[in-house]
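Everything on this sheet refers to the single structure shown next.
Every chain is numbered from 1 and lettered A, B, ... according to where its sequence line falls, protein lines coming before strand lines.
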Amino acid sequence: MPKEMTDLEKLRHSCAHVLAAAILRIWPEAQFAAGPPVEGGFYYDVELKHRLTPEDFPEIEKEMGAIVAANQQFEREEISRDRALELGQSGRLAALGARPVPSKFKIDILREISEGEVITLYRNGDFVDLCAGPHVASTGDIEAFKLTHLASAFYRGDERNPQLQRIYGTAFPTKQEMDAHFAMLEEAKKRDHRKLGKDLHLFHIDDAIGQGLILWCPAGAIIRQELQNFIGAELRQQGYQQVFTPHIAKLDLFRTSGHFPYYAESQFPPLVARENLLLLANENCSCAELANRIQEGEIDGFLLKPMNCPMHIRIFASQPRSYRQLPLRLAEFGTVYRWEQSGELSGMTRVRGFTQDDAHIFCSEQQLDEEIQKCLTLVNKMLMTFRMENYRVRLGLRDPASSKYVGTPENWDHAEEACRKAIQVLNVSYTEEQGEAAFYGPKIDFVVKDVLGRDWQLGTVQVDFNLPVRFGLSYKGADGKSKTPIMVHRAPMGSLERFVGLLIEHFAGNFPLWLAPEQVRVLPVSEKFAEFGQSIVDSYRLSGIRTLIDLSSEKIGAKIRLAQLEKVPYMLIVGGREQASGKVSVRSRKSGEEGTIPIDDFQRRIQFEIESRELC
RNA sequence: GCCGGCAUAGCACAGUGGUAGUGCAGCUGAUUUGUAAUCAGCAGGUCGUCGGUUCGAACCCGACUGCCGGCUCCA
């Protein structure tokens, strides 16, 4: 179906055709699948015996350059389905001419085009492709292009299908724009949280610990602690109650919740008691048999928790509940463990153990709308505090075709409607996406982009009519009857690991004062003023300002440079003049020299800046 | 998990078959400094791991581990 394309997308999509034509000049047997524009460029999926490597790029680019130089017109032609099929059979689609082997992927794509839709070919030079278009007028319009990287992709994104080679490239109307694009990418790489996390010693991932398991170094731990304090204070104001729960629980708990049966493969393997293992070993029980017996519940064990909700549910169930106690809001920075596929792990943004700023709200049906609303407002406020404005809101609905969900269709309808209503009240634009729900209910996700343009889900609010039923939760209503509560699962930041990862990139490591691991560094111009400098450090530390002093024998310029590179928000230069006047010479990370200020005045100023969580 | 690439000192990198190098960081000494790099010296590596080819391997081959880019997945 012809979609609306921007001019840039048209250009890039056209460049994908040029790429395909160039590849065919070198490898005429190449079979092409799809070649769309994407954010930042385009790709084309190709099946080819030759294993492409970046070393092939210059040769391919040379052919592409020849096609661009030839200034071939893009010609559109409407054809019948039969005619298209005929061309496909003779290998003529996505090809420079007839070939002995049919254009199999193109024929398959042709089958997917519904009756009544117009089928079009696009032709440039000898190259003919089945394509909805649109395209630029001619190949000569592509002034600047470059192949960027290789990847692999399953045909139609299904791992049962053949794996194709995906060649990525980009194109621009002018060379200058392309240069700017690559310069921007270089800048983005400098903000990458994996690089900054290492440079600034925020976190560490250690082979001896395990993939996807984060060690928070002291500097990173400060940032995390400040975030927890921030969220914690908000929650106290809003009537949440703090709880703590263990990292593991009996398998049966997660059988009841549905986590273990439905998502066994995305959890760390269960822990089985030693005596049970010995018993089974004596029976010569195979691993497969063991797994089976665990699955069937014949052997009990423990599971690292993949979610906190069952724990909070058991706290709810630990005493008789009355409607007077609702809404009951239980909050915890709860650490959960999930067995993510190794190829998916990435820095702090995709990990196997992470801590959610989690809470579960147990409420009545009448309270539901308001509770969702409050959660959304909280997420919103949190994002605004960091001025993370570049987010989108996604309403994740169930996929009617899938069986991975628990609960009745009526409950699902009810929950989905409640979410939709709440977002509409919030008055933000959102998209509804089928198949994005949690297994127990629909969710409203706040999705932000990282520096490289990849989407990450942060905050989430989820409505759940199902787990309370599975756990048989109840409370006594005002009418004396027993009722089932509704649950709201919510995490404004999502996971602290992912959130901090994105925060590092958002601020490029230049954290606002309240988050900065080191807030102030005192730089004596010589060791004669070490004692004076230390007295400032002592005084600032007493008021909780994170302050260090640089007592190295470097010259002041070198000390400044180091502090600047370490992204310390404020440098206080002290020498004879300051000592005599009881002042400090302030230099800020952001704007350089700020002049001299009495020691106590500056202290008050930064205390205010910290308390108000001012952004830099 | 799948496809491809990569792996040399804490970090950034050089080293295409003949006993491993540069810069920064580190340590020691000298210097005591006024707003983004003071000088000198020292130390630091089983070249990711294991196996193979070779008289000889950082370098060639294989397996494994980890990382990077994608794909699939993401309760």
Quick tally for nucleotides 1-12 of chain B: nucleotides whose base has a protein heavy atom under 4.0 Å get B, sugar-phosphate-only ones S, the rest -, giving BBBS--------

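Between R12(A) and E9(A) there is no salt bridge, since none of the side-chain N atoms of the basic residue sits less than 4.0 Å from a carboxylate O of the acidic one.
Between K559(A) and rU35(B), a side-chain N or O to OP1/OP2 separation shorter than 4.0 Å is absent. Side-chain N/O atoms of R587(A) include one lying less than 4.0 angstrom from OP1 or OP2 on rA36(B). Within the structure, a side-chain polar atom (N or O) of R194(A) is placed less than 4.0 Å from OP1 or OP2 of rG69(B).
Rounded to the nearest Å, the gap between the C1' atom of rG44(B) and that of rC11(B) is 14 Å.
When heavy atoms are screened at a 4.0 angstrom cut-off, Y43(A) is found touching no nucleic acid atom at all. Among the protein residues, G557(A) comes within range of the sugar-phosphate backbone only, with heavy atoms under 4.0 Å from sugar or phosphate atoms but none that close to a base. Residue contacts for I573(A): at a heavy-atom cut-off of 4.0 Å it reaches a base atom on one of the strands shown. Residue-level contact check: Y168(A) touches the backbone only, with heavy atoms under 4.0 Å from sugar-phosphate atoms and none from bases.
Atom NZ of K449(A) has more than 12 heavy atoms from other residues, nucleotides or ligands within 6.0 Å. When the shell of 6.0 Å around CD of E265(A) is examined, it contains more than 12 heavy atoms from other residues, nucleotides or ligands.
By the salt bridge (charged side-chain N to carboxylate O under 4.0 Å, His left out) test, D45(A) is found to be paired with R166(A), residues two or more places apart in sequence or in another chain being considered.
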Side-chain donor-acceptor contacts of residues 558-578 of chain A below 3.5 Å, not counting sequence neighbours, with atom names and distances?
residue: K559(A); atom: NZ; partner: P524(A); partner atom: O; Å: 2.9
residue: K559(A); atom: NZ; partner: D550(A); partner atom: O; Å: 3.1
residue: K559(A); atom: NZ; partner: S552(A); partner atom: O; Å: 3.2
residue: Q564(A); atom: NE2; partner: R589(A); partner atom: O; Å: 2.8
residue: E566(A); atom: OE1; partner: R521(A); partner atom: NH1; Å: 3.3
residue: E566(A); atom: OE1; partner: R521(A); partner atom: NH2; Å: 2.6
residue: Y570(A); atom: OH; partner: R605(A); partner atom: NH2; Å: 3.4
residue: Y570(A); atom: OH; partner: E609(A); partner atom: OE1; Å: 2.7
residue: E578(A); atom: OE1; partner: G575(A); partner atom: N; Å: 2.8

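Taking the six-membered ring where the residue is Trp, H259(A) and F439(A) present perpendicular rings, their angle passing 60° and hence far from 30°.
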